[in-house]
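Below is one structure; the comments refer to it alone.
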There are 2 protein chains.
Amino acid sequence: MPANLDDTDHRLLELLQHDSGRTLAALGELVGLSPSAVQRRIDRYRANGLLLREIAVLDPSPVLLAVCLVTLDQESPETHTRFREWVLAAPEVQQFYNVSGEHDYVVVLATTDMRHHRETAERVIKNAPHLRRYSTMFVLDPVRTTLTVPTRGN
Amino acid sequence: MPANLDDTDHRLLELLQHDSGRTLAALGELVGLSPSAVQRRIDRYRANGLLLREIAVLDPSPVLLAVCLVTLDQESPETHTRFREWVLAAPEVQQFYNVSGEHDYVVVLATTDMRHHRETAERVIKNAPHLRRYSTMFVLDPVRTTLTVPTRGN
DNA sequence: CGCGGGCACACAAGATTATTGCGCGAAAGT
DNA sequence: ACTTTCGCGCAATAATCTTGTGTGCCCGCG
């Protein structure tokens with residue numbers, strides 16, 4: 001997170017994280033800059049690696065999401081590397097976090113139905129190298145699904 | 001998920017979920033359509049509720065993500081409604097899922113550092129109505145963070 | 001079977017937006 | 001003080017989006 005973001009930067013990043021489809025002119029109206037100044041700031045966010053990409057968000061409600069808590073059978077860089085490569089090869093892996101605590105990873109699988117989930121969970125997780133155990137929580141309702149992060153720090 | 005998506009729709013939605021910054025002409029090149037045909041399809045996805053919005057994705061690595069597993073003290077529509085409203089009021093709540101199994105909710109908090117996390121977790125979760133217990137897993141490495149969903153179903 | 005309607009397409013024209021260069025002022029550095 | 005750097009708005013140009021039109025294809029109906 002670059003240390004030199006001013007208040008306008010924070011507001012722009014907030015707006016962009018919620019809706020990146022606005023025109024530069026509309027954004028400029030909201031933060032008090034001209035369209036070209038807005039664009040230059042956005043270019044800077046991209047150039048310094050802060051803004052990674054823009055994505056279209058589809059309605060998650062027809063999809064079967066499953067949050068899987070995964071524990072590996074041993075702790076070493078090699079086991080983690082192999083496990084990650086295995087899991088990352090699957091496009092159904094929507095999210096994948098290495099976490100602290102009694103589990104090693106949280107994996108969110110996005111599939112079209114229960115049959116697809118079972119096939120996916122077996123291929124991606126159950127058959128993964130170095131798996132010790134895993135548990136699955138099915139998402140009954142995706143109440144909020146965003147990727148927003150705070151930009152204001154110390 | 002609309003039942004009448006053809007192969008070109010699936011490919012477009014896949015491309016858009018990964019990168020919504022391409023021009024209509026670039027997308028059309030990739031799927032074999034003119035720019036205006038691409039646009040009409042995208043308009044249809046928006047009109048039928050499949051495409052919700054476009055967002056900018058920031059680099060999550062400077063941020064402290066915490067995956068919280070939450071269990072409520074009783075099971076009723078009222079407790080769930082009150083809990084949800086409480087949690088949804090917090091902008092630090094990046095993701096919020098109602099799940100099956102021994103926990104009721106998975107909540108992903110996005111904060112700038114540990115102090116911010118502690119303050120947030122106390123306000124948003126510990127002080128939430130109807131909380132029975134919760135546990136937290138800190139994200140050591142956000143290996144993959146997307147919101148992509150599959151569009152091909154039965 | 002032919003016909004009409006609906007649908008999706010490409011193309012083209014016009015509208016809108018993005019991009020870029022320029023001059024200016026403010027802030028920082030010497 | 002002067003110089004340099006940086007970010008700005010403005011304006012011109014280029015690129016992209018939007019929309020209307022004509023065409024072809026498909027389907028259902030008489």
Side-chain angles (χ1 to χ4, degrees), chain A residues 1-59 62 112 146-154, chain B residues 1-59 62 112 146-154:
Chain A
M1 198 63 65
N4 55 345
L5 299 177
D6 66 13
D7 191 62
T8 299
D9 287 319
H10 294 299
R11 291 168 65 200
L12 269 176
L13 289 163
E14 181 86 31
L15 291 166
L16 287 163
Q17 290 191 84
H18 284 93
D19 177 6
S20 66
R22 289 185 180 96
T23 61
L24 298 171
L27 282 169
E29 283 263 352
L30 290 168
V31 301
L33 290 179
S34 73
S36 61
V38 170
Q39 178 184 63
R40 288 181 181 122
R41 288 180 182 235
I42 295 173
D43 288 347
R44 283 203 292 271
Y45 307 149
R46 286 204 184 93
N48 66 25
L50 172 55
L51 196 162
L52 297 180
R53 70 189 78 90
E54 292 168 51
I55 61 170
V57 181
L58 303 192
D59 179 10
T112 55
T146 77
L147 293 172
T148 56
V149 297
T151 55
R152 296 177 201 262
N154 291 346
Chain B
M1 198 63 69
N4 56 347
L5 298 177
D6 65 14
D7 191 63
T8 300
D9 288 319
H10 294 298
R11 291 167 64 200
L12 269 177
L13 289 163
E14 181 87 32
L15 292 166
L16 288 163
Q17 288 191 83
H18 284 94
D19 176 6
S20 67
R22 291 186 180 95
T23 62
L24 298 170
L27 283 169
E29 284 263 353
L30 290 168
V31 300
L33 290 178
S34 72
S36 62
V38 170
Q39 178 185 60
R40 290 183 173 121
R41 286 182 183 233
I42 294 172
D43 288 348
R44 284 203 292 272
Y45 308 150
R46 285 205 184 94
N48 66 25
L50 173 55
L51 196 163
L52 296 181
R53 71 190 77 92
E54 291 169 50
I55 61 169
V57 181
L58 303 193
D59 179 11
T112 54
T146 78
L147 292 173
T148 56
V149 297
T151 55
R152 295 176 202 265
N154 292 346

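Predicted model only: the values in this text are computed from it and were never measured. Letters A, B, ... mirror the listed sequences (proteins, then strands); counts begin at 1.
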Whole-Å gap separating C1' (D:dG24) and CG (B:L33):
16 Å
Output the single nucleotide from D:dC17, C:dA18, D:dG7 whose closest atom is nearest the side chain of A:T23.
C:dA18
Derivation and outcome, side-chain contact (heavy atoms from CB on, under 4.5 Å), residues A:L58 and B:Q17
CA-CA 8 Å; A:L58 303 192; B:Q17 288 191 83; 3.4 Å; yes
Step by step, would you call B:R41 with B:V38 a side-chain contact (heavy atoms from CB on, under 4.5 Å)?
CA-CA 5 Å; B:R41 286 182 183 233; B:V38 170; 5.9 Å; no
Atom pair distance, as rounded to whole Å: CG in B:N48 and P in C:dC7
15 Å
Roughly how many Å is it from CD1 in A:I42 to P in D:dC8, rounded to a whole number?
12 Å
Using atom CG of A:D43 as one end and atom P of D:dC8 as the other, report the distance to the nearest whole Å.
12 Å
Rounding to a whole Å, what distance do you find between B:R41:CZ and C:dC7:P?
14 Å
Expressed as a whole number of angstroms, how long is the span from A:L24:CG to D:dG9:P?
12 Å
Which distance, rounded to the nearest 0.5 Å, do you find between the OG1 of B:T148 and the CG of B:L13?
12.0 Å
Ignoring hydrogens and angles, are the base of D:dC10 and the side chain of A:S36 linked by a donor-acceptor pair under 3.5 Å?
yes
Working to the nearest 0.5 Å, report the span between CG of B:L16 and CG of B:D9.
10.5 Å
Under 4.0 Å, heavy atoms only, any strand: does B:S34 hit a base, just the sugar-phosphate, or nothing?
base
Checking all strands, does A:R40 fall into the base, sugar-phosphate, or nothing category for heavy-atom contacts under 4.0 angstrom?
base
Contact under 4.0 Å: B:R22 side-chain N or O vs D:dT16 OP1/OP2:
no
Could you give the CG-to-C1' distance, from B:L12 to C:dA8, as a whole number of Å?
14 Å
I want to confirm an ordering. Mapping B:D6 and A:P35 to their closest nucleotides on DNA chain C, which one lands closer to the 5' end?
B:D6
Point-to-point distance, once rounded to the nearest 0.5 Å, from CZ of B:R53 to OG1 of A:T146:
8.0 Å
Within this structure, what is the CG-to-P distance between B:N4 and C:dG6, rounded to whole angstrom?
18 Å
